[in-house]
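Each ligand, and each atom within it, is numbered from 1 in the order the structure gives.
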Amino acid sequence: MAEKQTQLKVSAIKDGTVLDHIPARSLFQVVDILDLAHSENPITIGVNLESKSQGRKGIIKIADRFFADEELNRIALAAPEATVNIIRDYEVVQKKKIDIPATVVGIAKCSNPMCVTNRQDVTTRFATIKDGKKVKLLCHYCEKTTEDFIPLRH
Ligand code: CTP
Ligand code: ZN
């Protein structure tokens, strides 16, 4: 009789991108940032998986898709500690760290309800501030700091 499986794993992919070490609480924000809800690629998502270094982590595997660095760096808003693995023919051919972008345009919402970007049709624009593991956003328009990333809906 087959041994009982004690570990749940997300299957390996042949080609594509694996985003690993995503804090579990940030997983769905990363899905939003990369607009994966509108992707037609095969995607597998694991959340609340055990991690030695992180407590509970999330993982996203996107088959047959390779992102521009600029797109990947946006993940810093929600998960600066995530790692990006590029998979080709089942092998990890590259491991990338995420670089925090200097500016963030049109992805995040300003937390200040009085901000012009929340009252008129003005694209949001922020400078990033690194604060320990977190990335905060300084609004170009109202100069208020947004502590927690709020995605703009697509
Ligand atoms: N992976 C995958 N498909 C492959 C190869 C790897 O989905 N064909 C995934 C693994 O499941 C893992 C990630 O890509 O989540 C990185 O793989 P690897 O570097 O082999 O794992 P680790 O050594 O655990 O990575 P790290 O040191 O970054 O924790
Ligand atoms: Zn603002």
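Note on Val47 and Ile75: same hydrophobic cluster, where clusters join Ile, Leu, Val, Met, Phe, Trp and Tyr whose side-chain heavy atoms are under 4.5 Å apart, directly or indirectly.
Of all heavy-atom pairs between Val18 and Lys61, the closest is CG2-CG, 3.8 Å. Of all heavy-atom pairs spanning Val135 and Ala76, the tightest one is CG2-O, 3.5 Å. Contact between Val10 and Gly46 at its shortest, heavy atoms only, is CG2-CA, 4.2 Å. When every heavy atom of Arg88 is checked against every heavy atom of Asp15, the shortest pair comes out as CA-OD1, 3.3 Å. Scanning all heavy atoms of the two residues, the minimum distance from Asn112 to Met114 falls at OD1-N, 2.9 Å. Across every non-hydrogen atom of Lys133 and Glu81, the tightest pair is CD-OE2, 3.8 Å.
Rounding to 10 degrees gives 120° for the angle at the Zn ion (ligand 2) between SG of Cys139 and SG of Cys110.
Judged purely by atom type and a 3.5 angstrom limit, Asp20 has no side-chain atom pairing as donor or acceptor with the backbone of Thr83. Without hydrogens or angle criteria, Asn85 side chain to Val92 main chain gives no donor-acceptor distance under 3.5 Å.
Against a heavy-atom cut-off of under 4.0 Å, Ile87 is close to the following atoms of ligand 1: 1 (N), 4 (C), 5 (C), 6 (C), 8 (N). The Asn85 neighbourhood of ligand 1 comprises atoms 13 (C), 16 (C), with distances under 4.0 Å to a heavy atom of that residue. The atoms of ligand 1 that sit less than 4.0 Å from any heavy atom of Ala12 are 2 (C), 3 (N), 4 (C), 7 (O), 8 (N). Every atom of ligand 1 is numbered from 1 in the order shown, and the set under 4.0 Å from a heavy atom of Val18 is 2 (C), 7 (O), 9 (C), 13 (C), 14 (O).
Looking at Lys14 against ligand 1, nothing comes within 4.0 Å, counting heavy atoms. The side chain of Ile59, and not its backbone, has at least one atom closer than 4.0 Å to an atom of ligand 1 (non-hydrogen atoms only; side chain from C-beta on).
Counting protein heavy atoms only, atom 2 (C) of ligand 1 is closest to Lys61 NZ, 3.6 Å. Protein heavy atom nearest atom 29 (O) of ligand 1, with residue, atom name and distance: His21 NE2, 2.8 Å. With hydrogens left out, the protein atom closest to atom 27 (O) of ligand 1 is Lys95 NZ, 3.8 Å, a heavy atom. If you check which protein heavy atom lies closest to atom 12 (C) of ligand 1, you get Asp20 OD2, 3.7 Å. The protein non-hydrogen atom at the shortest distance from atom 20 (O) of ligand 1 is Val92 CG2, 4.0 Å. For atom 3 (N) of ligand 1, the closest heavy atom belonging to the protein is Ile13 N, 3.0 Å.
In this structure, atom 24 (O) of ligand 1 has no protein heavy-atom contact shorter than 4.0 Å.
Put simply, His140 stays out of reach of the Zn ion (ligand 2), with no N, O or S atom under 2.8 Å from it.
Ligand 1 has no N or O atom lying under 3.5 Å from any N or O atom of Val10, backbone or side chain. Residue-to-ligand polar distances keep Glu91 apart from ligand 1: every N/O pair is separated by 3.5 Å or more. Looking at ligand 1, you won't find any N or O of Thr83 less than 3.5 Å from one of its N or O atoms.
Results of the side chain to side chain donor-acceptor pair (under 3.5 Å) test with Lys109 over Asn118, Thr146, Thr124 single out Asn118 as the only residue that passes.
More than 12 heavy atoms of other shown residues, nucleotides or ligands fall within 6.0 angstrom of atom CZ in Arg65.
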